[in-house]
Amino acid sequence: MAEETESTKTEPLKTAEEEFKKLEITEEEESELKLETSDHVTFMVEASIAMKFGAVQQYLEVSPAASASATAIPLHNVASRELILILEYYRMHDWVDAGERDLKEFDERFLKDLNYEELKELLLAANYLNVEKLFNFLTKSIANIIRNKDVEFVRTFFGIDNDYTPEEEAAYREENAWAGVKFV
Amino acid sequence: MPTLLRKLCKSATLLRKLCESASLKRSGSNSNPTPSSERAPSPLGAFDPLPLDILMQIVRLLGPKHAAKLSLVSKSWRSLVSDNALWTHFLQTHHPHSVHFAETALSSGYPLPTLAAQNVPPVSFQHVYALRERLPPSVVIDGGSGYCKFGWTKDASPSGRFATFLEFGNIETPMYTRLRHFFGTIYNRMQVKPSSQPVIVSIPICYYDVVNSDRYSSVAERQWRDAVQCRGCSGRNSSGAAAIAGNSGGADRY
C-alpha cells in the first residue's frame with residue numbers, strides 16, 4: 001500500500017509523481033501532504049491521515065504554506081520504515097468499512113510482524129509524531145509482553161544491566177513480596 | 001481543502017504548544033534514532049533506552065503488582081517505579097475505598113496534588129499501597145435506625161441489609177446491650193471473625209442520649225466501644241479501624 005505513494009529522491013520521478021498526484025486530487029478531491037522522513041524519502045499522504053500526526057499539525061501551525069504540497073514537511077526522527085508501518089496502521093484504522101473484528105485481527109498481525117527492536121523504534125516514532133492511537137496501542141502491547149515475564153526478561157528487553165548486589169536484590173524482593181508475583 | 005486544513009490547524013493550537021515542549025524534551029533526553037533504515041542490532045540485542053515518560057506509561061499500564069516487581073530490575077528502575085504520582089494513580093484505581101489513602105492523601109484536599117507540587121509528601125505511596133494490599137478488606141456497617149446496611153469495602157454495594165427497628169427495636173433509646181447484640185448479629189451474618197479485619201461503623205446518635213448526656217462525644221465513645229468490643233481488638237495502626245458516629249440514617253453509599 002505504501003509503495004504507491006513512496007517516491008525516490010530523483011528529481012524527474014518526483015515531478016512525475018506530483019503530476020500524477022494532482023490528477024488524483026481532482027478525481028478524489030482528497031488533498032495530500034508531502035512528508036519527508038529522516039532518511040530523505042518523500043511520501044504523499046492523505047491529509048486526513050497526516051493531520052492525525054501531532055508533529056504535522058505542529059509544523060503546519062508554524063509554516064502553513066507547507067500544506068500547499070510545494071514543500072515537504074520534514075520528520076526528523078522518523079525513518080521511512082517506521083512511517084510505512086504507521087501509515088499502514090492508520091489507513092487500516094481510518095478505513096470506514098473496517099469492522100471491530102477486522103481491526104482486532106489487523107492489530108494482532110501487525111504486532112506479530114514486529115520484532116522487539118522494531119517495536120521499540122516504532123514506539124519512538126509514534127511518540128515523536130505524536131500519534132496517540134498507535135502510541136497507546138504500542139505501549140499497551142509492550143506492557144502485555146512484559147507483564148508475566150521475569151525480571152531478567154525485562155532487563156534484556158529494555159537493555160538494562162542489573163546494578164544491584166545480591167543482598168540488595170534479596171532485600172527488595174522481600175519488600176515487594178506483597179505483590180505475590182513470580183520474580184524469577 | 002485549505003479551509004478544512006486551517007480549521008484543523010486552529011483546533012490544534014493548544015495541542016501544538018504541548019507537542020512543542022514534549023518533543024523538545026524528548027529529543028533532548030533521547031539519543032536521536034539513526035536515520036538509516038537498516039538498523040544494526042544493538043550489542044545486547046536489546047533496546048536503546050526509551051524516554052522516561054514512555055517507560056512510565058508502560059509501567060502504568062502494567063498495574064501495581066507488576067510495577068512493584070520492576071523495582072528489582074535496576075536502581076534507576078527502582079526510582080522510576082517508586083514515583084508517587086504512579087502510586088496515587090494505582091491507589092485511586094485499585095483501592096478506591098482505601099481508608100489509609102484517604103487519611104494520608106485526601107487531607108490535602110481534592111484534586112490530589114501531583115508529584116510536581118513543591119511540597120512532596122514524605123509518605124511513599126508505593127509503601128502505602130503495599131500496606132493496603134496486605135490488609136484484609138474492611139467491614140462497613142451503616143447502622144441506620146430504620147434500616148441497617150453492611151458489607152465489604154472492596155464491594156461496590158452492601159452485601160446485606162435489614163430493618164433495624166423490626167429486629168432490634170428502637171435503638172435510638174439507650175439500649176447498649178441490644179447494640180452489642182446488633183453488632184454480633186451482623187458479624188455473624190457476614191461470617192467474619194471481627195478480630196481479623198478492620199471495621200468501619202456508622203452509628204446513629206440518638207437524640208435522647210445527647211440531651212441526657214454531658215458530652216456528645218461520650219455517647220459516641222460508648223457506642224464505639226460497644227462496636228469494638230465485639231471485634232476484640234483495637235486498631236493498632238490508623239488504617240485498622242475507624243468509626244463514623246453521628247449518622248442520621250439514609251446514607252445509601254459507604
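To find a chain, count down the sequence lines: A is the first, B the second, and so on, and within it residues start at 1. Atom set for the values below is all heavy atoms of this structure, side chains included, hydrogens, waters and symmetry mates excluded. Just so it is clear, the model here is predicted, and its values are computed rather than measured.
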Given a strict heavy-atom distance threshold of 4.5 Å, which part of A/Ile146 is in contact with chain B: side chain, backbone, both, or neither?
-> both
Do B/Lys75 and A/Glu168 have side-chain heavy atoms sitting under 4.5 Å apart?
-> yes
For atom CD of A/Glu108, is the number of surrounding heavy atoms from other residues, nucleotides or ligands below 6.0 Å larger than 12?
-> yes
Okay, side chain of B/Lys69, backbone of A/Lys149: is any donor-acceptor separation there less than 3.5 Å?
-> yes
To the nearest 0.5 Å, atom NZ of A/Lys120 lies from atom CD1 of B/Ile54 at 10.0 Å
Evaluate the criterion side-chain contact (heavy atoms from CB on, under 4.5 Å) for residue pair A/Thr139 and B/Arg60; output intermediate values, then yes/no.
-> CA-CA 10 Å; A/Thr139 46; B/Arg60 192 176 270 248; over 6 Å; no
Drop me the distance from A/Ile142's CD1 to B/Leu61's CG, to the nearest 0.5 angstrom.
-> 10.0 Å
Return the option, out of B/Arg78, B/His127, B/Gln57, with the maximum number of heavy-atom pairs under 4.5 Å with chain A.
-> B/Arg78
Between A/Trp178 and B/Pro64, which heavy-atom pair has the shortest distance, and what is it?
-> CH2-O, 4.1 Å
How long is the gap from CG on A/Asn144 to CD1 on B/Ile58, to the nearest 0.5 Å?
-> 11.0 Å
Any side-chain heavy-atom pair of A/Asn176 and B/Gln126 under 4.5 Å = yes
Under 3.5 Å, is there a donor-acceptor pair between the side chain of A/Tyr164 and the main chain of B/Ser74?
-> yes
Rounded to the nearest 0.5 Å, what's the gap from CZ on A/Arg155 to CG on B/Leu70? Could you check?
-> 10.5 Å
Report the residue from A/Asp163, A/Val151, A/Asp161 that forms a side-chain contact (heavy atoms from CB on, under 4.5 Å) with B/Val73.
-> A/Val151
With sequence neighbours excluded, residues passing ring-ring contact (aromatic ring centres under 6.0 Å, His included) with B/Phe90 = B/Trp87, B/His94
